Visitor: 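Below is the structure I would like to discuss, written out as structure tokens.
Both counts, for ligands and for their atoms, begin at 1 and track the order of listing. Treat the numbers as computed from the prediction; the structure is a model and nothing was measured.
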Amino acid sequence: MPIRAQMGMVMNLDKCIGCHTCSVTCKNVWTNRRGTEYVWFNNVETRPGRGYPRDWEDQDRWRGGWTLDRKGKLKLKSGGRIKKALNIFHNPDLPTIDDFYEPWTYDYEHLISAPSSEHQPVARPESQISGEPLDLQWGPNWDDDLAGSAEHAANDPNRRGALEERIRMEFEQSFMMYLPRICEHCINPSCVASCPSGAMYKREEDGIVLVDQETCRGWRYCVSGCPYKKTYFNWDTGKAEKCTFCYPRIEAGLPTVCAETCVGRLRHIGVVLYDSDSVVAAASVPDEHDLLGAQLGMFLDPEDPEVRRRAEADGIPHDWIEAARRSPVYDLAVRWRVALPLHPEYRTLPMVWYVPPLSPVMSLVEEGVDPDVDPGDVFGAIDQLRIPVEYLASMLSAGDPEPVRLALRRLAAMRAYKRTETVDGDADAALARAVGIEPEDMELMFRQVAIGDYDDRYVIPKAHPEAGPVDPNTLQGACGLEWVDREIRGGEVDDSFDLRDHIVRVEGQAR
Ligand code: SF4
Ligand code: SF4
């Protein structure tokens, strides 16, 4: 089986300020249309919290992703074809609009047309679907910045077991963090396997997962099959839609809209090479704690000449292989192991990874506010983290705290290393080596994690349309699904306008 190239993203949670710019810019480009009012391809959740849709991580309830059968073989948690056929008119695992939220706007007209009265007029909320007045009970950011968390955070599925008491006790110290989310563009996508129509597919050339709007029959099994709840049903067109990883921009060598507009500059995009032969084995390891290691083991070292030779023989363009050598995703996730996948236990082999947040512990250390923490012992402080390591592990390493500890120790060592350079005038190489990183690599890590500029964070090779058909309906570098709306809804279509005539010619590439 051939080597494949996969586009991936790493988000550095230490830098997210929860501004939602990524969500808003994504929405303006992709889901600012009738039928998708409630849809956020990119959303940002406050943790602890319930997320969007509500409690999406509770797979006992939603049954998304994969599990192993008694013989140790992968099977969809929601069941196979027979179960789907029996439930085709009633899918019990499907979230309702109330689990997402009923989208609303406000009766602004009333503000200017209300008759004169003793009190100021009020713009009341009304449903964007029915137009009826709405009694707001839930929204996509209902528990934003811990709003109402005394009530809602108790339902966070990551607070299971022993953590429940500990997190409640630490609530007084107001720990919180942000979790920006998009589709994971999984290597083993359960949405694709769940689709009875064959409309969901994973692109061979870059691994981006898309929905063919013409083939989709609106059965919505992709919605229930995705454990991250990152496919959505457009109630107006009757088709599924999902995050496209802004593929027309990616094809032109540009970052996704969410990454380009991220205020914290915390998103990194790059290519990794993997052996497609190893996918099933990596997703099927019996112990959930081994899933991270199994996924890491799939990625091939682009510095290995034999890997490069094989990749080229398997048809991966030379410039893609060179991009893989400079990939920030490979560096952060594989080389330095400071980025971790979201819920690897879903067995979809997700490809949006996260650098866990360190800031609260470093402020304890640096400000000396916790008498139990020795300011000289940056590593000892990891377990004093106000965000318990176990909570992060529940999200990022199937509950195994060791990969999270390693990432945090390396990030803490990087700060301490640079601090010695600034304060003492000489970087302490022993601090880098204590976490298994050579000083030269520590400098590279600092550049990527702390001060990386545009070209460091985004290493995106352009598409090679000559290698295969590219959807002629999309403009390279442009985004949006308006053309789908026009075609599917049979709305006004300007026949004189043929997008094929307007496709931007990418430098030096014939299309
Ligand atoms: S995260 Fe994306 S690729 Fe993975 S299963 Fe869900 S929709 Fe599919
Ligand atoms: S734009 Fe960046 S910093 Fe702002 S919420 Fe999104 S991911 Fe976080």
Visitor: With a 4.0 Å cut-off on N to O distance, would you call R50 and E45 a salt bridge?
Guide: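 Looking at E45 together with R50, the answer is no, because their closest N to O distance does not fall below 4.0 Å.
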
Visitor: Can you list every protein residue that has a heavy atom under 4.0 Å from any atom of ligand 1, sorted by chain and residue number?
Guide: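 These residues qualify: C183, E184, H185, C186, P189, S190, C191, V209, C226, Y228, T231, K242.
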
Visitor: Does any N, O or S atom in C16 come within less than 2.8 Å of atom 8 (Fe) of ligand 2?
Guide: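 Under 2.8 Å: C16 contacts atom 8 (Fe) of ligand 2 through an N, O or S atom.
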
Visitor: Where's the contact between N42 and ligand 2, heavy-atom distance under 4.0 Å: side chain, backbone, both or neither?
Guide: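 N42 to ligand 2: no contact under 4.0 Å from either part.
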
Visitor: Between D93 and R61, is the closest basic N to carboxylate O distance under 4.0 Å?
Guide: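 Looking at D93 together with R61, the answer is no, because their closest N to O distance does not fall below 4.0 Å.
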
Visitor: Using a 4.0 Å cutoff against the non-hydrogen atoms of H20, which atoms of ligand 2 qualify?
Guide: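 Matching atoms, with element in brackets: 4 (Fe), 5 (S).
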
Visitor: Applying side-chain hydrogen bond (donor to acceptor under 3.5 Å, both in side chains) to K230 and N43, what does each step give before you reach the verdict?
Guide: CA-CA 10 Å; K230 278 295 174 189; N43 73 297; 2.6 Å; yes

Visitor: Would you say the side-chain atoms of S278 and D275 include a donor-acceptor pair closer than 3.5 Å?
Guide: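 No - no donor-acceptor pair under 3.5 Å links their side chains.
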
Visitor: What do we get for P180 next to ligand 2 when only non-hydrogen atoms under 4.0 Å count, side chain, backbone, both or neither?
Guide: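 Contact part for P180 vs ligand 2: side chain (C-beta onward).
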
Visitor: Measure the acute angle between the ring planes of Y346 and H343, then classify it against the limits of 30° and 60° as parallel, tilted or perpendicular.
Guide: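 Y346 vs H343 ring planes: parallel.
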
Visitor: List ligand 2 atoms under 4.0 Å from C22, heavy atoms only on the residue side.
Guide: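 The list of qualifying atoms is 1 (S), 5 (S), 6 (Fe), 7 (S).
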
Visitor: Looking at P227, is its backbone amide N or carbonyl O close enough to the side chain of Q59 to form a donor-acceptor pair, meaning the two atoms are under 3.5 Å apart?
Guide: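 Yes; at least one donor-acceptor contact below 3.5 Å.
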
Visitor: Which ligand 2 atoms, with their elements, are less than 4.0 angstrom from a heavy-atom of V263?
Guide: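 Counting from 1, the qualifying ligand atoms are 1 (S), 2 (Fe).
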
Visitor: Quick check against the 3.5 Å criterion: does W320 have a side-chain atom that pairs as donor or acceptor with the backbone of D206?
Guide: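 Such a contact is absent between W320 side chain and D206 backbone.
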
Visitor: So, E184 and W353: side-chain donor and acceptor under 3.5 Å apart, yes or no?
Guide: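 Their side chains do not contain a donor-acceptor pair, so the 3.5 Å distance test is not met.
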
Visitor: Cation-pi check, R220 to F233: give yes when NZ or CZ is under 6.0 Å from the six-membered ring centre and within 45° of the ring axis, no otherwise.
Guide: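 Yes, cation above the ring, under 6.0 Å and within 45°.
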
Visitor: Would you say R267 contacts ligand 2, with heavy atoms under 4.0 Å as the rule?
Guide: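 Yes.
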
Visitor: For D145 and Y178, does a side-chain donor sit closer than 3.5 Å to a side-chain acceptor?
Guide: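 Y178 and D145 do have a side-chain donor-acceptor pair below 3.5 Å.
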
Visitor: Number the atoms of ligand 2 from 1 as they appear, then name those within less than 4.0 Å of a heavy atom of V44, with their elements.
Guide: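 Those of ligand 2 that fall under 4.0 Å from V44 are 5 (S).
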
